[in-house]
Amino acid sequence: MCLHQLSLHPMCKKVRVRFAPSPTGGLHLGGVRTVLYTYLFAKKYGGDFLVRIEDTDQSRYVQGAEEYIFDTLRWCGLEPDESVQHGGAYGPYRQSERKASYRQYAEQLVKDGHAYYAFDTPEELEKMRHAPTAIGVKSEQNHSQQYDHTIRMKMRNSLTLPANETQKLLAENTKHVIRIKMPANETVSFTDMIRGEVSFETSLVDDKVLLKADGMPTYHLAVVVDDYLMKISHAFRGEEWLPSAPVHILLWKYLFGLNEMPQWAHLPLILGPNGKLSKRDGAKYGFPVFAMNWTDPKTNELIEGFKEKGFLPEAFINLLALLGWNDGGEQEIFTKQELVEKFSMERVHSAGAKFDYEKAKWFNHEWIKKSGVGSLKSEVSVLLTNNGLTFADDNLLDKVIGLVKDRCTLLPDFVQQSSFFFKAPDTLDVDAVKPKWNDAKKLFFAQLILNYELSADWNSHTIENNFKEIAAVNELKPGELMLPFRIMLVGGKFGPGVFEIAELLGKEETIKRISFFFKQL
RNA sequence: GGCCCGUUCGUCUAAGGGUUAGGACACCACCCUUUCACGGUGGUGAUACGAGUUCGAAUCUCGUACGGGCUACCA
C-alpha cells in the first residue's frame, strides 16, 4: 500500500494521465505547456497519455477546434496513446458521447444526501444574487450572493420542497439541475504535487451545479466521473481550477472513495507582459500566443501561431518546458527525449511565469543552428517556393541552408538570407557604394571580370585569392572592395561571406551581377 | 468584498540555514569579422517590505504590500 497523498509519484498504480481540453478555440501557450508536462510525466513513468474532449457546453462548441487540437499535438510531437482519433479501451473520449453515464452518479449523490434537485429559474437565481442581505445590498457583481448553505433553504429545491412536490416536478419533467450540497463546516485539504498541502473551508464554497438542465454534466461532475472511469492516476490542469478543487475532492469522497482519487497537479499560469496572457496580447505585442494559426469561424479573425511564425516544434516544446521547469543544472536546450528523461514534478515552479518572446526566439535560433540541413530542408523549401523562388539544383539548396542557417532566428529568415542565391536582387543598395566609388574601383572590377572569365577553378579560395591579387596590383585595399562586391551579388549589406556566395552563385552568374551593377550606377 | 495561490537581476531561473547570491535571454563594451550574424571576453543588474526564530535567514514563522486566479446551468 503506498502513501497515496504523500509521495509525489507513487508507482503502485499504472500511470494514466489525460489532457482534457474544451474545443472552444485555439490552443495557447499555457494549454500546450499543460499537455507537455502531462505528456512528459506519462512517458517518463511509462504511462498512458490520453486526450479527452470536454465538450459538455454545446453553446461554446466551435467548429474545427477539436481537429485543431489534434493537429497541434501532432505538430508538437505529443501524440496521445488514446483519444477520439487514436482509439483506446476507455472510450468514448468525447464527453458529449458519454452523456448517458453521468446522470446515474448525480442521482446517486442525491440518494446519499450529498446533492439535491434545484428548480430555481434563471430569474429567481438572478434575484437571489442581488437580494439585500445583512451586509447591505450586493450591487456589485463581484459581491453577489452565492448559492450556498446560507441560502439554499430559501430556494426552490428538493431540500425545501415536500418530497411529493419534488416527485411531481420531476415526473412532469420540470427543468431542473442537480447541485452538490456542500457541507456547512468542513475543511477539505489535499496535497498538490506542485504546491503541497492546500486547504479550503467548505462553508465558503457554493453548491455547484453538477448536472445541468439539458442533462449534460458540468465540468465538476464530468471530470470526476471520467477520471474515475478512465483510471486516471495523476490529474494535471491549470491553476485556475484550484478554487474548485474542494468540490472535486468531495465528489471523489462521496462517489468513489479518496483512495481512488488521482493526485492533483495545478500548473501555474503563463503570464503576458501585463498579467494574464490573452490572445489579444499577440496582436498587441507582436508575438504568437497560439501554437498554430487559428481562425475564429464566427469572426474570421486570425490569431497567429508559433508554427506559422517560423518556430520549429522542437524549439517550441523546449521553450515551453523551460517556462516553469528546469533540471537543476545549466542546460537549457533539451530534446524531447531528454525532457522525458529529466522531467520531474519536484522541479516544476509554483509561481506563474511571464512569457518572454525574446528568449523564445533565442531557443528557436539555437534549434535552427543545431538542426541538420536535412531536417530543415522541407520547411525551407516550401518557404522559398511560396516566395516565388525556384531552384533546379537540390544540391545548391543544401549548401545554401548550411551556409545561412546560423544567421536565421525564425524560419522565414531563410527567405531574406538566401533569396539572392536563387534570384538576382531586384534593387541594389547603390547608396552604400556611391560615396566612395571611383574610377580605380571601376577599373578593378572590370579587371576582375576578365580574370574570373579566364579562371579555371571556381571555389571560394581561388575567387578570394584572385580578388586580392588584383587589388594588390591596383594598390587598393581589399576591404574597400568587398562591400561593393557584396552589394553587386546580394543587393544589400547582409549575408554570409562574399566569396562563398560567389562560389555558390557560379562563375557566370557572378560575372553577370558585376556587370549589372555597372548599369545601375 | 470573500476565498485560494504566488513573490530572487527587466525576463526565465539556481542556491532546500553559512556562496563575493550562480546561469541564460535582453542590454552595454571590447575582440573576431573590412557586410550582417555566429562565436569569444567582460560589464550593468535581484532576494518586495517589516517583525520574529537562530551564533547565522533568499531559505523557517507571522504580518503587510503587491501580483494572479476563482467567486456561471463556461471550461
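Only a predicted model underlies this, so the values are computations on that prediction, with no experimental measurement involved. A note on names: the letters A, B, ... follow the listed sequences, proteins ahead of strands, and every chain is numbered from 1.
No hydrogens or angles were tested; on distance alone, nothing pairs the side chain of A:Lys208 with the base of B:A72 as donor and acceptor under 3.5 Å.
With C1' as the reference atom, B:A48 and B:A65 are 8 Å apart, rounded to whole Å. Here, B:U11 and B:A46 have their P atoms 12 Å apart, quoted to the whole Å. For the P atoms, the distance from B:G42 to B:A51 is 39 Å, rounded to whole Å. Nucleotides B:U47 and B:C55 place their P atoms 26 Å apart, quoted to the nearest Å. Nucleotides B:U8 and B:G67 have their C1' atoms positioned 15 Å apart, rounded to a whole Å. Rounded to a whole angstrom, the distance from the C1' atom of B:G6 to that of B:C31 is 44 Å. For the C1' atoms, the distance from B:G2 to B:C9 is 35 Å, rounded to whole Å. Only the C1' atoms considered, B:A29 is 38 Å distant from B:G68, to the nearest whole Å.
Between A:Asn326 and the phosphate of B:A14, there is a side-chain N or O to OP1/OP2 separation shorter than 4.0 Å. Between B:A75 and A:Lys212, a contact under 4.0 Å exists linking OP1 or OP2 to a side-chain N or O. At B:C73, one or more side-chain N or O atoms of A:Arg129 fall inside 4.0 Å of OP1 or OP2 (strictly under the cut-off). A:Lys405 has no side-chain polar atom (N or O) that falls below the 4.0 Å cut-off from OP1 or OP2 of B:C38.
Proximity of a side-chain donor or acceptor of A:Arg33 to a complementary backbone N or O of A:Pro268 within less than 3.5 Å is detected.
Heavy atoms of A:His266 sit nowhere under 4.0 angstrom from any nucleic acid atom. As judged by a 4.0 angstrom heavy-atom cut-off over every strand, A:Ala213 is placed among the base-contacting residues. Contacts of A:Thr56 with the nucleic acid, taken as non-hydrogen atoms under 4.0 Å apart, involve only primed sugar atoms and P, OP1 or OP2. Within the nucleic acid shown, A:Leu481 has no heavy atom closer than 4.0 Å to any nucleic acid atom. Residue contacts for A:Arg347: at a heavy-atom cut-off of 4.0 Å it reaches the sugar-phosphate backbone alone, with no base atom in range. Nucleic acid contact class of A:Asp55 (heavy atoms, under 4.0 Å, all strands): none. Within 4.0 Å (heavy atoms only), A:Gly238 reaches no atom of the nucleic acid at all. Base engagement by A:Pro496 is indicated by at least one non-hydrogen atom pair under 4.0 Å involving a base atom.
Between A:Glu332 and A:Gly329, the residue whose closest nucleotide on RNA chain B is further toward the 5' end is A:Gly329. Comparing A:Ala353 and A:Ala360 by the nucleotide of RNA chain B that holds the closest heavy atom to each, the one mapping nearer the 5' end is A:Ala353.
Picking from B:G68, B:C38, B:A75 the nucleotide with the shortest atom distance to the side chain of A:Ser22 gives B:A75. Checked against B:U13, B:A75, B:C70, the side chain of A:Trp241 finds its nearest nucleotide in B:A75. Distance from the side chain of A:Asp206 is smallest to B:A72 among B:C25, B:A72, B:C74. When distances are taken from the side chain of A:Lys369 to each of B:C38, B:U35, B:G69, the shortest belongs to B:C38. Considering only the side chain of A:Asp406, B:C38 comes nearest among B:G23, B:C73, B:C38.
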(message) Using salt bridge (charged side-chain N to carboxylate O under 4.0 Å, His left out), reason through A:Glu107 and A:Arg103 one step at a time and then give a plain yes or no.
(response) CA-CA 6 Å; A:Glu107 301 270 0; A:Arg103 179 143 208 131; 2.9 Å; yes
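The CZ atom of A:Arg52 sits 13 Å away from the P atom of B:A75 (whole-angstrom rounding). Nucleotide B:A75 holds its P atom 11 Å from the CG atom of A:Leu221, rounded to whole Å. Whole-Å rounding puts the A:Lys477 NZ to B:U34 P distance at 14 Å. Nucleotide B:A26 holds its C1' atom 12 Å from the CH2 atom of A:Trp362, rounded to whole Å. Atom NE2 in A:His28 sits roughly 16 Å away from atom P in B:A75 (whole-Å rounding).
Residue A:Phe499 holds its CZ atom at 13.5 Å from CG of A:Leu505, rounded to the nearest 0.5 Å.
Taking the side chain as every heavy atom from C-beta outward, A:Trp252 and A:Pro262 approach each other to under 4.5 Å. Between A:Tyr228 and A:Val224 the shortest side-chain heavy-atom distance does not fall below 4.5 Å.
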(request) Mark up nucleotides 2-10 of chain B, 5' to 3', with B wherever a protein heavy atom is under 4.0 angstrom from a base atom, S wherever such an atom reaches only the sugar-phosphate, and - elsewhere. (result) -SSSSS--B
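For B:C38, the O4'-C1' to base torsion is within 90° of 0; the nucleotide is therefore syn.
Relative ring orientation between A:Phe445 and A:Trp437 is described as parallel, the plane-to-plane angle staying below 30° on a 0-90° scale split at 30° and 60°. Using cut-offs of 30° and 60° for the angle between ring planes, the A:Tyr357 and A:Phe355 rings count as tilted. Taking the six-membered ring where the residue is Trp, A:Phe311 and A:Phe306 present perpendicular rings, their angle passing 60° and hence far from 30°. Using bins of under 30°, 30° to 60° and over 60° for the plane-to-plane angle, the ring pair A:Phe200/A:Phe190 lands in the parallel bin. The aromatic rings of A:His248 and A:Trp241 sit tilted relative to each other, their planes meeting at an angle between 30° and 60°.
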